[in-house]
Structures are given as C-alpha cells and as structure tokens.
Amino acid sequence: MINRIGITLLALMMAIIGGNAKNPYKKCFGQLPFAMSEVKAPKIPNRRAVLDNGGDYRERLCTEVLQSAIDQLAAEGGGHVVLRPGVWLTGPIVLRSNIDLHLEQGAVLQFAADESLYPLVKTSFEGLDTRRCQSPISGLNLENVSITGQGVIDGNGQYWRPVKKSKVTEGHWNNLLAQPGSRELRKGYWVPSESYANGEAKANMNVPEAKSEAEWESMKRFLRPVMVNLVGCKNVLLQGVIFQNSPAWNLHPLMCENIIIDNVLVRNPAYAQNGDALDLESCRNALIVNSKFDAGDDGICIKSGKDADGRRRGRPCENVVVDGCTVFAGHGGFVVGSEMSGGVRNIKVSNCQFVGTDVGLRFKSTRGRGGVVENIYVDGITMTDISTYALTFNMYYGGKSVTEVLAEGGQPQKVEAVPVTEETPIFRNIDIRNVVCHRAGFAMEFNGLPEMPIDGIHLKDIYISAYKDAEFNYSKDITKDNVRIEILKNN
C-alpha cells in the first residue's frame, strides 16, 4: 500500500538531504594536502511516497509496487520513497534522479533468490567490460540520488556465491553439499549450481567470455551481480543503512562524482567469495566517513579499471577522503588496486581502525595494469591482530611476492627487468604516518618491479609489533622517521 503525503519533511531529514542547513561535511575539507571541491549531500524534493508493508510482501514480490513508486515520484520531479517496517521481498530495482530510497528502522529490503529475475546486462566487473546479472539496486547517469535510513538491505548472497571448505565449519560444509543442484566442483570448493560450474570453466578470474546468448545464459548463476551498482551518477548519498550479504561486491560506485558514504554498516560473511564491502572505482570527489566494514574480501577499496579496458576508460579515482572508519574481517583494511589502470590520486585516509583484517594498508598491482598511483596520504591508523602484513606494496598480484616465497621457506628467483611501457604500474609519493599496529604476521613488505621500483614512500611515527620484520625489494627513496618495529616471539 502507498500512502502519498505532500507535506514538508521532518527537519532532521531536511538537514541531511537537501535542506538549507550548513554542510555537515564541511570539516572534512579542512587542511587537505590536495585541492578538492566541497561535496554536499544531494538535494531531494520534499515529496514523499510512503509504502506500508502490512505483512503483504514477506512471501510475494513487491518489485512492481516499489518500482512504480520510484518511477511515479521521479516523474513528478523526485522525492523520498519511504519503506515502513517490515520485510520487503523484491527483484531488482532501478533508481531514478532526484530520488531518496529511505528505509525506516525495522524495514528489511531483501532481494529474491531467483536468477530468472535478474537479466543479463552490459556492465563492468573487476575493471573489465563484460556482462553480469542486473544488480539488485542500480542507477545509470543519475543526478541527486540517495539511499538513507536505519533499515537493512540484504542481497541473499548465499544463493549466488561459491564457498571454500577451509573457510567454514564442517557442519556448514555438509549442509552446503546437501543442497539440491549444488556440487563440489573440485576438492574443497563448493558451487551452488551447474550453471555456476559452466561459468567457472570459461572464466579468466571472474570474467568469462561467450560467443552466443545461449552460452551466456548457460552460466548465468556464475555472473553474480554486485549488490548496489551506481554508474556515472552525480551527487550520491548512502547514509545510515546496513548493506549486507551481497552476491559479489557490496557497494560499487563506478565513474560517479560527488559521493558521500556516511555512517553505514557494510557486512558479509567472512567466507564470502569476492565479497568486497566497498569498491570505489574511477570516481571523483568522494567522502567515506564514520562507517563500518566487515566483509569476506577487501574492506575499503579504491580502483580505476583493469589493464587495457581501464586505460581506455582513462578515468582515475581521485579526490577521496576516508575518515573515522572501522574495518573488521576482510582481506584488506584500506586497499588500492589491483585494478588501478586508470590511475589513483589525491586520497586522504585518517582516523581509522582495522581489527582482525588479513592486511592493514594494502597496495597491489602487477605488470600489464599500467596506471599511476600517487599523492596518497595516510594519517592516524590503529590496527590489531593483522594476520599477514600491516603495510604491503606488492606488484606481483596474482603470483607470489618475494616475502611470500621466503615465508614458505623457498628461495626467491631473480626478477628480470622488462621494458617500461604503458602496461607498467607506477606507485609514488605516498605519505604514511601515525600508525600503530599490534600483532601482525609481517611488519611491512615493499615488492616493486626492477624496471619500476616503488618510489617516494615516506614513513613517519610508526610502531608495529610483528612476528616478521620488514622486507624491501625494488624500492627507492623510502624515508623513515621514528619507525619502530618490535619482533614478537612465536608462542
């Protein structure tokens, strides 16, 4: 049921979304080490369409009702589509310009576990132009769009994702094997359907190739979508909502401008394959503040396309402020790469804490990417229980770095230099200071390329307790001021 109310919104919502109050994010732009335009929340008109569940949509889809409310309000010039408390089961929905999707506390928007609802569309995934299933929430070339409130958006990701036995309990694994239509594709690797297995056989990493529509359809479950996919949008706000259980990546703003991600919780199970919390790709002018990320893969990740596709796009991810955020389980706390072929520059990360992530600060790439990563400023990071590296620069993503070979007791092979081309990744001018890390596997690793060493990394006021010391390979102009590493004894 839809209750149409044409009255002025509450003063609080006015202040947050499109009101005349002063910009609450203004303090984020003080004393930045690079020039950046002030980002403000989108201005959303004061109309509302209030949807009252009444228990009607726990078992049947509300897709038509929800999409109609969005489309009708957009046609009138925009406003707030408000979901009252209840469970809202839906297929994919498409946002429009000048629309705020607002979930009141107690509203759970859950996307149905039925691949037939998600048509194949042209998109970009892991930095490559490809096809995937339509995202549960998507928007293309929009202006003034937001998702706000205190509710939950759930992608029903367990329907889509594969699972590695090593990441779950024995009981969980046995329950997976008992699911009809699923199978153990190879030892210790479960896939949810034969359709998924078909895609796995054709994929290079997670991006397959196909010659016909029938071939694409034959592997549809493998083409699991990112949950929230906003492409080419301007003036975007994600605030307050819990985003969880995504089929692939959780939040994926792509080629967007003027983005605020504020006070959200983004979570996936620790075993979620490709379950990145946030992938900000080829975006400009972004704030990521006061938020928590707890995912099965990278937490806060900065990207700009992969290899030739990324270089052809030529859109760097630039002018980004990350402040006051927490990352729990995941492969990395703050991450750049490995898809950084369009470049990454002008990033400030401050006042963050990483608790139990695999890696703290993670910079990754490989030959073939190209792109320049520069002007990254990290100030004020606290880390605890980091299982591998507190800080890593690894230019051998997809293979084993020197540090990894040494850790396994092997002897590293000499890396031969190759000619520098547009495919050579460059990392330079990165300032990291005021970092405290208690209990890491390795303190630091710097593994550059012989033809393009990591260049101009400045480390200041850093304390790390770790079981292994720092390793520096193919790096130059690394300055250290009050950097202390305490080597722990193995129990």
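Every value quoted in this text rests on a predicted model; they were computed, and no experiment measured them.
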Given Tyr189, which of Lys165, Lys164, Arg183, Glu200 fulfils the side-chain hydrogen bond (donor to acceptor under 3.5 Å, both in side chains) condition? Glu200
Lys220, NZ: over 12 other non-hydrogen atoms inside 6.0 angstrom: yes
Does one side chain, of Asn229 or Arg132, offer a donor that lies under 3.5 Å from an acceptor on the other? no
Side-chain (Thr388) to main-chain (Asp358) donor-acceptor, under 3.5 angstrom: yes
Taking the six-membered ring of Tyr159, is the NZ or CZ of Arg221 close enough (under 6.0 Å from the centre) and on axis enough (within 45°)? yes
May I ask you to decide whether Arg433 forms a salt bridge with Asp431, counting only side-chain N to carboxylate O separations under 4.0 Å? yes
Is there a donor-acceptor pair under 3.5 Å between the side chain of Asn250 and the backbone N or O of Val266? no
Do any N or O atoms from the side chain of Asp309 and from the backbone of Asp129 form a donor-acceptor pair under 3.5 angstrom? yes
Check the pair Thr479, His458 against side-chain hydrogen bond (donor to acceptor under 3.5 Å, both in side chains), reporting the backbone distance first and the verdict last. CA-CA 5 Å; Thr479 63; His458 309 290; 2.8 Å; yes
Do NZ/NE/NH1/NH2 and the carboxylate oxygens of Arg284 and Glu318 come within less than 4.0 Å? yes
Using only atom types and a distance under 3.5 Å, with no angle test, would you say the side chain of Ser465 pairs donor to acceptor with the backbone of Glu486? no
Describe, in one word, how the ring planes of Trp249 and Phe125 are oriented to each other, choosing from parallel (under 30°), tilted (30 to 60°) and perpendicular (over 60°). tilted
Could you check whether Asn447 and Asn394, counting side-chain N and O atoms only, form a donor-acceptor pair closer than 3.5 Å? no
Could you tell me whether Trp190 and Tyr271 have their ring centroids closer than 6.0 angstrom? no
Check each of Arg367, Arg312, Arg369, Arg313 against Asp307 using the salt bridge (Lys or Arg N to Asp or Glu O under 4.0 Å) test, and report the only one that passes. Arg369
Taking Asp294 for its side chain and Ala329 for its backbone only, find out whether a donor-acceptor pair lies under 3.5 Å. yes
Has Arg131 got a side-chain atom pairing as donor or acceptor with Lys122's backbone, closer than 3.5 angstrom? no
Using only heavy-atom distances, determine whether the side chains of Thr392 and Glu445 contain a donor-acceptor pair under 3.5 Å. yes
Test log, rule side-chain contact (heavy atoms from CB on, under 4.5 Å), inputs Lys364 and Asp298: CA-CA 12 Å; Lys364 54 182 177 175; Asp298 290 330; 2.9 Å; yes
So does Val264 get a backbone contact from the side chain of Ser291, meaning a donor-acceptor N/O pair under 3.5 Å? yes
Quick one: are Ile430 and Phe393 in side-chain contact, heavy atoms under 4.5 Å? yes
4.5 Å side-chain heavy-atom contact, Pro162 and Phe222: no
How close do Val121 and Gln134 get, heavy atom to heavy atom, and via which atoms? CG2-CA, 3.9 Å
Quick one: does any side-chain atom of Asn23 pair with a main-chain N or O of Tyr25 as donor and acceptor, under 3.5 Å? yes
Under 4.0 Å between a Lys/Arg side-chain N and an Asp/Glu carboxylate O for Asp323 and Lys27? no
Quick one: does Asp262's side chain have a donor or acceptor within less than 3.5 Å of a partner on Asn290's backbone? no
Does either side chain, that of Arg267 or that of Gln244, offer a donor lying less than 3.5 Å from an acceptor on the other one? yes
Taking Lys303 for its side chain and Gly337 for its backbone only, find out whether a donor-acceptor pair lies under 3.5 Å. yes
Heavy atoms from other residues, nucleotides or ligands near NZ of Lys167 exceed 12 (cutoff 6.0 Å): yes
Least distance between heavy atoms, Pro42 atom then Val236 atom: CD-C, 4.2 Å
